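What follows is a short report on a single structure.
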Protein chains: 2
Amino acid sequence: MSTEPHLPQSETRDRILDAAERLFMEHGFEGTSMRLITGAANANLAAVNYHFGSKDALIQAVFRRRMTALNEARLAALDRLEAEAGGEAVKPSRIVEAFFGTALELAADAEHGGNTFMRLLSRTYNEPNAFVRQFLAEEYAEVMDRFLGALFRALPGVPRDEIMWRFHYMMGAMSFAIAGIESVYATAGLPCKEEEPSRMRPRLMSFLLGGLRAPLPDFGAAATD
Amino acid sequence: MSTEPHLPQSETRDRILDAAERLFMEHGFEGTSMRLITGAANANLAAVNYHFGSKDALIQAVFRRRMTALNEARLAALDRLEAEAGGEAVKPSRIVEAFFGTALELAADAEHGGNTFMRLLSRTYNEPNAFVRQFLAEEYAEVMDRFLGALFRALPGVPRDEIMWRFHYMMGAMSFAIAGIESVYATAGLPCKEEEPSRMRPRLMSFLLGGLRAPLPDFGAAATD
DNA sequence: GTATGATTCAAACAAACGTTTGAATTGAGA
DNA sequence: TCTCAATTCAAACGTTTGTTTGAATCATAC
């Protein structure tokens, strides 16, 4: 109150961030107007430009708010594993657990918006929006370097291309896991009850590890097929 | 020319569909204006409304053009497998090959827009746009029914929930495989050369089958963890 | 040629967009 | 009470949006 200048962290700012996070997840960036955001946040239309400067800056703020914490948690988990291993290579399953488990924990937190954010993040992977992608790539740079490097060391016999692609596939599987199952199966007359959060983690993790451990593809045989 | 009324399948119509397909893939539905589409298609602004009626109708037309063929090819492949099996259950790996292999073949066709469309389709999974989702769900209904049913028969010991989730995960992995790897790893100083199309299929298929065959998750142990 | 239906075109429409403005309102310190 | 900065607000800004219009152009059949 005394040392800090004047950063009441305006309650309005947070309401706008929460509303924007949810609406971006539901309708995308271009599909969400400032009037929709400020309306849902019970704020004046001009509030976004006052607090953030522009819509683009708001988008970045929405990501920055959670992304930093997520990536720090991931790096901390990897640090812990590498410290335990003490020079030895960390087991691949532990590395995968550290990366994707951290994300799933955030996605399981529905009360503080973690789930909303992870669904927004999943959605954003497939939106080649120029500056959002640039922003995400910068945020991910160190994390990717560390985790892929750990996997390279853990799987010295496996080509690095192969590891990167499998990691990429795992990201896709996680993305869909978080997005939920109702997307396509809803109208199909199939039972599609939503996943209980505590079941998602072991379910997905088993699949991911199965995929990671799969035998290497035989390009020679398949190329002529 | 004589029996058909007047359907010259206006060359303009196709140019608009091609341009829209590509631009929707790059910028999303809301991020792509009619002026951008008609500009890229060398057509007049009013041409979209003349040939399709509205922007929403154009979106549906873009999907309908390829989706029907893709799903028919999938069903035909499954028909073939079931005929070969002659009453017996089809091997899970063959079922997965039929569903995802068909999609990958379309994605490998870069010349006639198949690749563009598959990337658009992947992107659309994560866009809960109301009426596009409805449209996709209807298009997928029969295919999902058939393929999941075949998997249920092929894996009688596995809970149906588990099969549906793993199929969903596989869709996510395929989605990311088609979208390409450069999304996140670009700025990270990692080698991220694009995949040669012929290598994508065995690479992804090996991962998918590894995930499908993974041991079932142990919910009991993990729930208390 | 002339008529007819299909297609293209430039121009305009109202609505929604992100942003800016300048005056109100607020709240704490002097 | 007065001050001053932070915040809110209604109103307007100039663009861009999807769509419509009515005349021009094209191609074909008579």
Side-chain angles (χ1 to χ4, degrees), chain A residues 1-63 124 127 129-132 135, chain B residues 1-63 124 127 129-132 135:
Chain A
M1 190 70 80
S2 57
T3 61
E4 298 206 7
H6 267 147
L7 275 179
Q9 267 304 86
S10 152
E11 193 185 307
T12 304
R13 235 186 92 99
D14 290 330
R15 267 184 291 125
I16 289 176
L17 282 173
D18 288 340
E21 186 172 65
R22 182 175 58 83
L23 291 167
F24 286 154
M25 181 267 283
E26 288 175 3
H27 310 113
F29 302 124
E30 327 249 12
T32 305
S33 68
M34 321 222 57
R35 286 164 178 83
L36 195 61
I37 297 171
T38 51
N42 270 320
N44 186 272
L45 169 60
V48 169
N49 289 284
Y50 175 76
H51 284 285
F52 300 94
S54 69
K55 186 182 180 180
D56 281 359
L58 169 63
I59 296 177
Q60 284 189 243
V62 165
F63 279 96
T124 308
E127 293 193 25
N129 182 312
F131 87 101
V132 176
F135 172 75
Chain B
M1 191 71 79
S2 58
T3 61
E4 298 207 6
H6 268 146
L7 275 179
Q9 267 305 84
S10 152
E11 192 185 310
T12 304
R13 234 187 92 100
D14 289 331
R15 268 184 290 125
I16 289 176
L17 282 173
D18 288 341
E21 186 173 64
R22 182 174 58 82
L23 291 168
F24 286 153
M25 180 267 283
E26 288 175 5
H27 309 113
F29 302 123
E30 327 250 10
T32 304
S33 68
M34 319 223 60
R35 285 164 178 83
L36 195 62
I37 296 172
T38 51
N42 270 321
N44 185 270
L45 169 60
V48 170
N49 289 285
Y50 175 77
H51 284 284
F52 300 93
S54 68
K55 186 182 180 182
D56 280 0
L58 169 62
I59 296 177
Q60 284 190 242
V62 165
F63 279 96
T124 307
E127 294 193 26
N129 182 311
F131 86 100
V132 177
F135 172 75

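Heavy-atom basis, side chains included; hydrogens, waters and symmetry copies ignored. The shown structure was predicted, so the numbers you read here are calculated from the model rather than taken from an experiment.
When the P atom of D/dT17 is taken as reference, atom CG of B/Leu58 falls 15 Å away, rounded to whole Å. With rounding to whole Å, B/His27 atom NE2 is found 16 Å from D/dT16 atom C1'. Atom CD1 of B/Ile16 is separated from atom P of C/dT8 by 8 Å (rounded to the nearest Å). Across the protein-nucleic acid pair, B/Asn42 atom CG and C/dC9 atom C1' stand 14 Å apart, rounded to whole Å.
In plain terms, the two heavy atoms of B/Leu58 and B/Ile37 that are nearest each other are CD2-CD1, 3.9 Å.
Separating the CG atom in A/Leu23 from the CE atom in A/Met34 is a distance of 11.5 Å, to the nearest 0.5 Å. Between the NE2 atom in B/His51 and the CD1 atom in B/Ile16 there is a gap of 5.5 Å [rounded to 0.5 Å].
OP1 or OP2 of C/dT8 has at least one side-chain nitrogen or oxygen of B/Thr12 nearer than 4.0 Å. The side chain of A/His51 contributes no N or O atom lying less than 4.0 Å from OP1 or OP2 of D/dA6.
For residues 26-50 of chain A, the pairs satisfying ring-ring contact (aromatic ring centres under 6.0 Å, His included) are A/Phe24-A/Phe29, with sequence neighbours left out.
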Please determine whether side chain to side chain contact (heavy atoms under 4.5 Å, CB included) holds for the pair A/Phe52 and A/Gln60, giving the CA-CA distance in whole Å, both sets of side-chain angles, and the decisive distance to 0.1 Å. CA-CA 9 Å; A/Phe52 300 94; A/Gln60 284 189 243; over 6 Å; no
Show the numbers, then the answer: is there a side chain to side chain contact (heavy atoms under 4.5 Å, CB included) between B/Ile59 and B/Phe135? CA-CA 10 Å; B/Ile59 296 177; B/Phe135 172 75; over 6 Å; no
For nucleotides 18-24 of chain D, read 5' to 3', which letter fits each nucleotide if B means a protein heavy atom sits under 4.0 Å from the base, S means only the sugar-phosphate is that close, and - means neither? BBBB---
